[in-house]
4 protein chains.
Amino acid sequence: MSTIDDQAREPAVPKRDREATRARLLEAARLRFAREGYDATSVRDIARDSGVDATLIFRYFGSKKQLFDEASATDLPAGLLEGPQEELVARMVRTVVDHDWTKYGGEHPLVAMLRSSAHEDARRRIREEVCATYVNALRDLAEGEDAELRAELLSAWMVGIGILRSVVGTPALAEARAADLAPHVAAVATDLLGRPMSGTADREGGSSRT
Amino acid sequence: MSTIDDQAREPAVPKRDREATRARLLEAARLRFAREGYDATSVRDIARDSGVDATLIFRYFGSKKQLFDEASATDLPAGLLEGPQEELVARMVRTVVDHDWTKYGGEHPLVAMLRSSAHEDARRRIREEVCATYVNALRDLAEGEDAELRAELLSAWMVGIGILRSVVGTPALAEARAADLAPHVAAVATDLLGRPMSGTADREGGSSRT
Amino acid sequence: MSTIDDQAREPAVPKRDREATRARLLEAARLRFAREGYDATSVRDIARDSGVDATLIFRYFGSKKQLFDEASATDLPAGLLEGPQEELVARMVRTVVDHDWTKYGGEHPLVAMLRSSAHEDARRRIREEVCATYVNALRDLAEGEDAELRAELLSAWMVGIGILRSVVGTPALAEARAADLAPHVAAVATDLLGRPMSGTADREGGSSRT
Amino acid sequence: MSTIDDQAREPAVPKRDREATRARLLEAARLRFAREGYDATSVRDIARDSGVDATLIFRYFGSKKQLFDEASATDLPAGLLEGPQEELVARMVRTVVDHDWTKYGGEHPLVAMLRSSAHEDARRRIREEVCATYVNALRDLAEGEDAELRAELLSAWMVGIGILRSVVGTPALAEARAADLAPHVAAVATDLLGRPMSGTADREGGSSRT
DNA sequence: GATGAATGAGCGTTCATTCAT
DNA sequence: CATGAATGAACGCTCATTCAT
């Protein structure tokens with residue numbers, strides 16, 4: 001009812017444009033799923049957010065589940081795994097802390113996806129994501145015998161920081177920038193990985209491609 | 001709270017039944033909410049698990065949400081905050097890794113509650129829990145100026161470890177015992193808190209057996 | 001909207017009576033399924049007809065399909081298979097022509113069920129019904145070698161008569177009573193079964209038990 | 001009807017396309033409607049079967065119902081009503097039993113249409129068909145007073161045989177060929193019609209190859 | 001004229017919750 | 001007071017059909 005005369009000021013929303021409609025649905029889905037989780041999000045919610053008929057979800061994505069899958073496919077920040085090795089951890093912190101995740105409601109997508117972790121499928125996605133983004137890269141860096149464990153411990157820290165920042169909202173972490181965390185993280189990482197890690201990274205190394 | 005002094009005038013049996021039924025509902029709710037999350041759990045599920053009629057949930061707790069609130073009130077492991085200060089972090093790790101959380105489906109209740117973190121209520125619970133259990137105690141220990149931040153960073157690690165262990169299930173952490181983690185944790189904690197922390201704790205310090 | 005003030009003249013419809021509600025649903029389902037077929041009947045139709053909430057269908061029957069199964073379970077007219085053998089065919093004709101099938105919308109339930117014969121389940125039901133009610137009994141009576149075929153031919157006639165009467169509505173059959181058909185049927189049956197069959201049956205031999 | 005004289009001005013190719021598409025839709029519709037019934041068949045099913053866009057159905061036929069009407073117009077087997085009168089019933093049996101009805105999913109179209117008999121339109125079609133194909137021809141043959149009734153009874157038998165053969169699938173009839181049924185049918189027909197009927201027919205008299 | 005994006009009603013079903021007995 | 005019948009909103013999804021391009 002409040003949208004009756006919106007058509008005038010809506011700038012350039014093309015109607016009957018398959019790609020545009022698909023994109024709007026995907027965008028709305030990403031946000032809803034991130035904020036409310038899979039179960040609390042209805043396809044009608046997403047459709048309403050997109051200003052699009054709900055049946056198009058099924059036309060374009062097949063099912064709510066498939067939409068979820070597509071919506072929660074994170075494109076890991078380009079450049080994370082490139083650049084100087086000793087700055088890898090600093091880049092990871094940036095990814096967690098400074099990166100612009102507004103597309104996912106302002107939270108790291110991994111954290112957002114935990115909200116849907118009642119579903120084994122979502123859990124698997126999280127697992128793959130954590131391994132691909134953090135554990136594997138860190139394991140390659142770690143020296144000594146229990147490299148896997150230490151890589152996971154460091155990964156756990158990244159995830160934990162994301163959670164305290166956005167879900168829990170503890171005061172210091174919620175406000176902190178990557179630069180505030182860098183010295184601490186570098187010290188710990190150096191310790192855990194058994195090789196010197198830098199607290200700063202020259203460039204972002206984590207600008208989402210989308 | 002209104003049932004606190006009821007035990008005096010009970011006619012022996014029917015009263016205990018009421019209490020027993022309430023307790024069974026709570027127990028079933030705790031498990032379901034932890035495992036499946038708030039949305040994926042139906043009041044009928046809980047009632048069925050408890051072997052009682054679903055309407056009793058409304059009679060006893062008012063609504064599904066209130067049942068959730070009551071069911072997700074974690075009794076933080078007794079003894080966590082007692083004992084030698086230098087062993088505090090080691091005790092925390094034990095709480096996360098070795099403690100028997102079968103009451104909550106085998107996961108640390110904080111981790112389980114993340115599954116329901118779409119709801120502001122659950123988020124508040126998590127916030128309170130994290131602060132009460134981890135941040136506050138660690139902040140008191142930390143030396144130097146940004147004590148809060150460092151306490152939160154360490155808390156984030158505890159939470160992150162819990163997540164990777166049970167939700168994500170990364171291979172090394174999923175199998176690890178507190179003893180495997182102790183040396184790494186002690187080193188990092190010593191570093192972050194600016195005071196020597198021990199990697200072992202004499203006793204559990206958090207049995208809270210239910 | 002036209003039912004707003006019906007509550008006054010509804011004579012004795014007991015509310016909150018499980019059996020009564022179940023019975024009303026079943027009755028409405030029987031009629032709808034018979035008249036419109038499975039696919040064209042919605043659970044809301046049935047609920048509306050019964051003056052009952054649609055969700056009770058699932059409470060009491062589990063699913064639309066199970067309701068259909070129960071609603072289409074014909075109790076074959078008591079007495080059909082009893083009584084003098086030479087009057088069996090006459091009794092069958094009565095079942096098809098004179099029996100009061102208003103419960104099924106005025107048609108023989110077999111004929112009504114043909115409307116749902118797109119579903120293999122319904123087809124199986126029809127098959128069982130036809131064999132149990134007609135073919136088996138007639139085969140036992142037939143003399144000579146291709147008894148099965150002749151029994152089926154006679155059964156086909158019964159079914160065909162039912163269809164022309166109610167679905168097609170050909171003028172003579174639609175008006176005919178069993179007595180009008182009896183001489184013709186008796187002659188043919190005598191011929192097909194190879195033993196004398198009577199054109200009259202003393203008693204109805206087909207009063208549905210329900 | 002508006003396309004009757006279009007063939008004169010066609011530009012050779014595109015017109016034939018339109019006709020060809022229309023024909024394919026009709027063919028697919030015939031099959032689907034016969035096999036699954038009106039309600040269980042969706043316009044998308046038919047379009048998919050034909051390999052064309054679903055909206056063409058509305059373009060060419062107006063609505064699903066109109067497509068159904070057109071698709072269920074049976075062309076009664078040519079030659080049924082021609083040929084020696086005493087072989088008429090034998091020809092009818094052939095039509096029911098031996099004729100190639102693959103166009104209608106292998107069943108006599110009358111039988112197939114019963115699946116849609118919830119709709120008055122379909123019922124009317126069946127009525128017309130039964131009268132035109134069976135009752136009228138047989139009435140003309142019958143001697144004596146209640147010729148109509150006897151003609152209908154014999155028609156009922158034809159229809160019933162079709163039903164038991166394909167819908168119900170009773171064992172003997174499902175396998176039988178016209179030749180197996182001929183002697184029985186001839187005897188009964190002779191009896192019912194009051195004039196000698198032959199059990200064999202020289203030629204099919206109803207090919208209607210499409 | 002043909003394509004396919006869009007629509008809105010309706011499907012079977014489950015939900016949390018209320019109310020009568 | 002407890003049981004369970006009842007309720008109505010909402011769910012994911014499919015339908016026949018229309019309309020813009």
Side-chain angles (χ1 to χ4, degrees), chain A residues 14-22 38-47 50-68, chain B residues 14-15 17-18 21 38-47 52-68, chain C residues 14-22 38-47 50-68, chain D residues 14-15 17-18 21 38-47 52-68:
Chain A
K15 292 301 174 73
R16 298 203 177 249
D17 176 333
R18 179 189 177 92
E19 287 314 310
T21 302
R22 231 191 95 100
Y38 183 83
D39 290 313
T41 299
S42 82
V43 296
R44 285 173 174 88
D45 286 337
I46 296 171
S50 319
V52 157
D53 190 277
T55 63
L56 294 180
I57 288 178
F58 303 96
R59 193 166 175 48
Y60 291 148
F61 300 93
S63 69
K64 180 188 179 186
K65 176 136 209 3
Q66 282 172 273
L67 172 56
F68 175 77
Chain B
K15 164 57 61 43
D17 257 357
R18 185 189 168 96
T21 302
Y38 181 82
D39 293 307
T41 299
S42 80
V43 297
R44 278 175 175 77
D45 286 337
I46 297 171
V52 311
D53 190 282
T55 62
L56 289 182
I57 287 177
F58 300 94
R59 189 161 197 67
Y60 292 160
F61 301 94
S63 71
K64 181 187 178 185
K65 181 146 243 157
Q66 284 171 273
L67 170 58
F68 175 77
Chain C
K15 293 300 173 73
R16 298 205 177 250
D17 178 331
R18 179 188 176 94
E19 287 312 312
T21 302
R22 231 190 96 99
Y38 184 83
D39 290 313
T41 299
S42 82
V43 297
R44 284 173 174 86
D45 286 338
I46 297 171
S50 319
V52 157
D53 190 276
T55 64
L56 293 180
I57 288 177
F58 302 94
R59 192 165 175 48
Y60 292 146
F61 300 94
S63 70
K64 181 189 180 185
K65 176 138 207 5
Q66 283 172 274
L67 171 58
F68 175 77
Chain D
K15 164 59 59 46
D17 256 359
R18 185 190 167 94
T21 302
Y38 182 82
D39 293 307
T41 298
S42 81
V43 296
R44 279 175 174 77
D45 286 337
I46 296 170
V52 312
D53 190 282
T55 62
L56 289 181
I57 288 177
F58 300 94
R59 190 162 197 65
Y60 291 161
F61 301 94
S63 71
K64 181 187 178 184
K65 181 146 243 157
Q66 284 171 274
L67 171 58
F68 176 78

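Naming convention: chains lettered A, B, ... in sequence-line order (proteins, then strands); numbering from 1 in each chain. Note that the structure is predicted; figures quoted are calculated from it, not measured.
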Check: Arg44(D) side chain, dC15(F) base, donor-acceptor under 3.5 Å: no
Rounded at 0.5 Å granularity, tell me how far [atom1] in [X] sits from [atom2] in [Y].
X	Y	atom1	atom2	result
Leu56(A)	Arg22(A)	CG	CZ	11.5 Å
Lys65(C)	Phe68(C)	NZ	CZ	7.0 Å
Thr21(B)	Arg59(B)	OG1	CZ	12.0 Å
Leu67(B)	Ile46(B)	CG	CD1	5.0 Å

Listed nucleotide nearest any side-chain atom of Ser63(D), set dT17(F), dG12(E), dG4(F): dT17(F)
Over all atoms of both residues, closest heavy-atom pair of Ile57(C) and Val43(C): CD1-O, 3.4 Å
Heavy-atom pair with the smallest gap, counting every atom of Ala54(A) and Ala47(A): CA-CB, 3.5 Å
Looking at [X], I'd like to know whether one of its side-chain N or O atoms comes within less than 4.0 Å of OP1 or OP2 on [N].
X	N	answer
Thr55(C)	dG8(F)	no
Arg18(C)	dA5(F)	yes
Ser42(C)	dC11(E)	yes
Arg59(B)	dA2(F)	yes

d([atom1], [X]; [atom2], [N]) in whole Å:
X	N	atom1	atom2	answer
Asp17(A)	dA6(E)	CG	P	8 Å
Asp45(C)	dA9(E)	CG	C1'	14 Å
Leu56(C)	dT14(E)	CG	C1'	13 Å
Phe61(B)	dA2(F)	CZ	P	13 Å
Ile57(A)	dA5(E)	CD1	C1'	15 Å
Lys65(A)	dC13(F)	NZ	C1'	16 Å
Glu19(A)	dG4(E)	CD	P	13 Å
Leu67(A)	dC11(F)	CG	C1'	15 Å

Closest-nucleotide ordering on DNA chain E, the 5'-leading residue of Tyr60(D) and Lys64(B): Tyr60(D)
Comparing Val52(A) and Val43(C) on DNA chain E - which has the more 5′ nearest nucleotide: Val52(A)
First encountered from the 5' end of DNA chain F, between Gly62(A) and Asp53(C): Asp53(C)
Pairing pattern in dot-bracket form [Watson-Crick, G-U; both distances under 3.5 Å; | = partner strand] for DNA chain E: .||||||||||||||||||||
Under 3.5 Å: donor-acceptor pair, side chain of Lys64(D), backbone of Tyr38(D): yes
